[in-house]
Amino acid sequence: MFSDILEEYYFIALEYGVKAEDFYNMSPMEIFDTVRAHNKREERQRKKEIWDIFLKAEVMARYITKEEGKEPPRPWEYYPDMFEEERKEYESTVEKERFEDYKDRRRAYVEEMNRRRRES
């Protein structure tokens, strides 16, 4: 009975890349731990893949259903620590553009007021 379980684990371990020589030099608990660790690694990798697919779908949906005048999704919304520098750079650029736009509108307003004053 126990030998049947070990035989089953033998083929699983081979499938996971454990050499036959290493398998026979392992204790039963080491075999079980090796298989369990491999399964955990596979599960983590699968969860990461699912998460990546989910993020892609969410970003695409946000682009498709984007409201007029709303910002598109940015990477730092999903990975804030990884894209901290890019977020700061983007915010700085946006702030500069807004300030330049404000200056242009203010200049146009002042020119219009001056034109009206000269005409009166």
statement: Between the CZ atom in Arg44 and the CD atom in Glu42, the distance rounded to the nearest 0.5 Å is 10.0 Å

field: Neighbour count >12 (heavy atoms, 6.0 Å) for atom CD, Glu89
entry: no

- prompt: With sequence neighbours left out, what residues match Glu97 under side chain to side chain donor-acceptor pair (under 3.5 Å)?
  reply: none

query: Listed by chain and number, what are the ring-ring contact (aromatic ring centres under 6.0 Å, His included) partners of Phe99, not counting sequence neighbours?
result: none

Sequence-distant partners of Glu49, salt bridge (Lys or Arg N to Asp or Glu O under 4.0 Å), two or more places apart: Arg46

message: Under the ring-ring contact (aromatic ring centres under 6.0 Å, His included) definition, can you give me all pairs with a residue in residues 70-97, not counting sequence neighbours?
response: Trp76-Tyr90

- line: Separation between CG (Leu14) and OH (Tyr9), nearest 0.5 Å, reads 14.5 Å

task: Apply side-chain contact (heavy atoms from CB on, under 4.5 Å) to Arg105 and list each qualifying residue two or more places apart in sequence or on a separate chain.
output: Asp101, Tyr102

message: Other members of the hydrophobic cluster containing Met60, with the 4.5 Å side-chain heavy-atom rule, please.
response: none

- line: Residues at least two apart in sequence or cross-chain that pass salt bridge (Lys or Arg N to Asp or Glu O under 4.0 Å) with Glu91, listed by chain then number, are Arg87

- request: Might you point out which heavy atoms bring Val59 and Pro73 nearest each other, and give the distance in Å?
  value: CG1-CG, 3.9 Å

message: Going by the rule side chain to side chain donor-acceptor pair (under 3.5 Å), which residues pair with Asp81 if we only count those two or more places apart in sequence or in a different chain?
response: none

message: Just verifying a value: how many Å separate Lys48 NZ and Ile53 CD1, rounded to the nearest 0.5 Å?
response: 10.5 Å

statement: Residues passing the salt bridge (Lys or Arg N to Asp or Glu O under 4.0 Å) test with Arg98, sequence neighbours excluded, are none

Per-pair distances, 0.1 Å, donor-acceptor, side chain in residues 26-35, under 3.5 Å, sequence neighbours excluded:
unit_1: Ser27; atom_1: OG; unit_2: Glu30; atom_2: N; d: 3.2
unit_1: Glu30; atom_1: OE1; unit_2: Ser27; atom_2: N; d: 2.8
unit_1: Asp33; atom_1: OD1; unit_2: Arg36; atom_2: NH2; d: 3.3
unit_1: Thr34; atom_1: OG1; unit_2: Glu30; atom_2: O; d: 2.7

Qualifying residues under salt bridge (Lys or Arg N to Asp or Glu O under 4.0 Å), relative to Arg115, sequence neighbours excluded: Glu112, Glu119

query: Which residue pairs satisfy the side chain to side chain donor-acceptor pair (under 3.5 Å) criterion with at least one member in residues 15-25, sequence neighbours excluded?
result: Tyr16-Asn39

query: Below 4.5 Å, heavy atoms only, C-beta onward: do Glu77 and Glu58 meet side chain to side chain?
result: no

message: Rounded at 0.5 Å granularity, tell me how far CD1 in Ile50 sits from CD in Glu43.
response: 9.5 Å

